[in-house]
Amino acid sequence: MKKIILVPALLLATFAMADQHKYEVSPMFGYNFAEGNLGFKDNGYPVGGLELQANSPDSSLSPELSVFTSIPDTSASGKDTRITRFAFNGVYTFDAMSFFVPFAKLGAGYETVSRDIPSNKDGFFLDAGAGAKVPLNDNWALKLEAIYMAKPNKDNAGNADSNLMTLAGITYAFGGEKKKEVAAVAAATTAAVATAAVDGDDDNDGIANSIDQ
């Protein structure tokens, strides 16, 4: 019976500790699907980057800074160019579902293009995304997400260039050690109290039955 009570108590401590991490760093890699009119070979290219997120125990909405870069081939000249995107998003984390934690994001950013491509130049974009984290332990999680970006086309007023990034990576969460310790102690105390209650003290001498001589 003690083991049955202790297991959920330890799980409670683990989840309480995970919820208290203040910061997240996520190296991400994937593929960018681009509109055909943007002048890229095969209408897509590999992409990689980094996401930095700050969390607060008082809010499910977290600020996130990200940077992504890629070197795609242009279909017109056969030469490559460098595309770099900087973005600021608000990330909303939903309640955990089974073995994963879903999230959604919304924000804006700026895209730079190192070599001029017709109808694809430097400019601001709006983005929206969704994904999920699969916890591996208290600090590490697998992260999967998709981000849609719309950049106003300066040469074609009223229209926007579309890109879709599909990404996978690893998230490392850290910070908030003091709160983690409090959560662990609280869970351990709960387990001890519950165990003592189930064990019982039939002769009311203040000593649990399991150790009463």
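Computed from a predicted model, the values in this text were never measured in an experiment.
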Side chains of Thr81 and Ser114: do they bring a donor and an acceptor to under 3.5 Å?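 A donor-acceptor contact under 3.5 Å links the two side chains.
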Over all heavy atoms of both residues, which pair between [X] and [Y] is shortest? Give the atoms and the distance, please.
X: Pro135; Y: Val101; result: CG-CG2, 4.5 Å
X: Val67; Y: Thr84; result: CG2-CG2, 4.1 Å
X: Ser62; Y: Ala54; result: CB-O, 3.0 Å
X: Ser70; Y: Pro46; result: CB-O, 3.1 Å
X: Asn89; Y: Gly107; result: OD1-N, 3.0 Å
X: Glu35; Y: Ser162; result: OE1-N, 2.7 Å

Is there a path of hydrophobic side-chain contacts, each under 4.5 Å between heavy atoms, that joins Leu50 and Phe29? no
Could you see if Leu142 belongs to whatever hydrophobic cluster contains Leu52? Use Ile, Leu, Val, Met, Phe, Trp, Tyr and a side-chain cutoff under 4.5 Å.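 Yes; tracing contacts between hydrophobic side chains, which count when under 4.5 Å, links both residues.
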Look at the rings of Phe174 and Tyr23 and say which category their plane angle falls in: under 30° parallel, 30 to 60° tilted, over 60° perpendicular.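 Ring orientation, 0 to 90° scale: tilted.
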[X] vs [Y] side-chain heavy atoms within contact, under 4.5 Å:
X: Pro63; Y: Phe88; result: yes
X: Leu144; Y: Phe100; result: no
X: Tyr110; Y: Asp122; result: yes
X: Glu145; Y: Lys105; result: yes
X: Lys151; Y: Asn163; result: no
X: Val113; Y: Glu111; result: yes
X: Val134; Y: Phe99; result: yes

Regarding Lys143 and Glu51, does a basic nitrogen lie under 4.0 Å from an acidic carboxylate oxygen?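 Counted as a salt bridge, because a side-chain N and a carboxylate O are separated by less than 4.0 Å.
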For residues 165-172, tabulate all N or O donor-acceptor pairs below 3.5 Å that involve a side-chain atom, not counting sequence neighbours.
from   : atom 1 : to    : atom 2 : distance (Å)
Thr166 : OG1    : Tyr31 : O      : 3.4
Thr171 : OG1    : Ser26 : OG     : 2.7

Let me confirm one number: the [atom1]-[atom2] distance from [X] to [Y], rounded to the nearest 0.5 Å.
X: Asn32; Y: Leu164; atom1: CG; atom2: CG; value: 7.5 Å
X: Asp138; Y: His21; atom1: CG; atom2: NE2; value: 3.5 Å
X: Thr93; Y: Lys133; atom1: OG1; atom2: NZ; value: 5.0 Å
X: Asp127; Y: Met149; atom1: CG; atom2: CE; value: 7.5 Å
X: Phe86; Y: Phe125; atom1: CZ; atom2: CZ; value: 10.0 Å

Got a donor-acceptor contact below 3.5 angstrom from the Ser59 side chain to the Leu61 backbone?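 Judged by distance alone, yes, a pair lies under 3.5 Å.
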Would you confirm whether Asn139, through its side chain, and Ala173, through its main-chain N or O, come within 3.5 Å as a donor-acceptor pair?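 Between the backbone of Ala173 and the side chain of Asn139 there is a qualifying donor-acceptor contact (under 3.5 Å).
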Could you go step by step and tell me if Met28 and Val47 meet the side chain to side chain contact (heavy atoms under 4.5 Å, CB included) rule? CA-CA 8 Å; Met28 305 293 291; Val47 62; over 6 Å; no
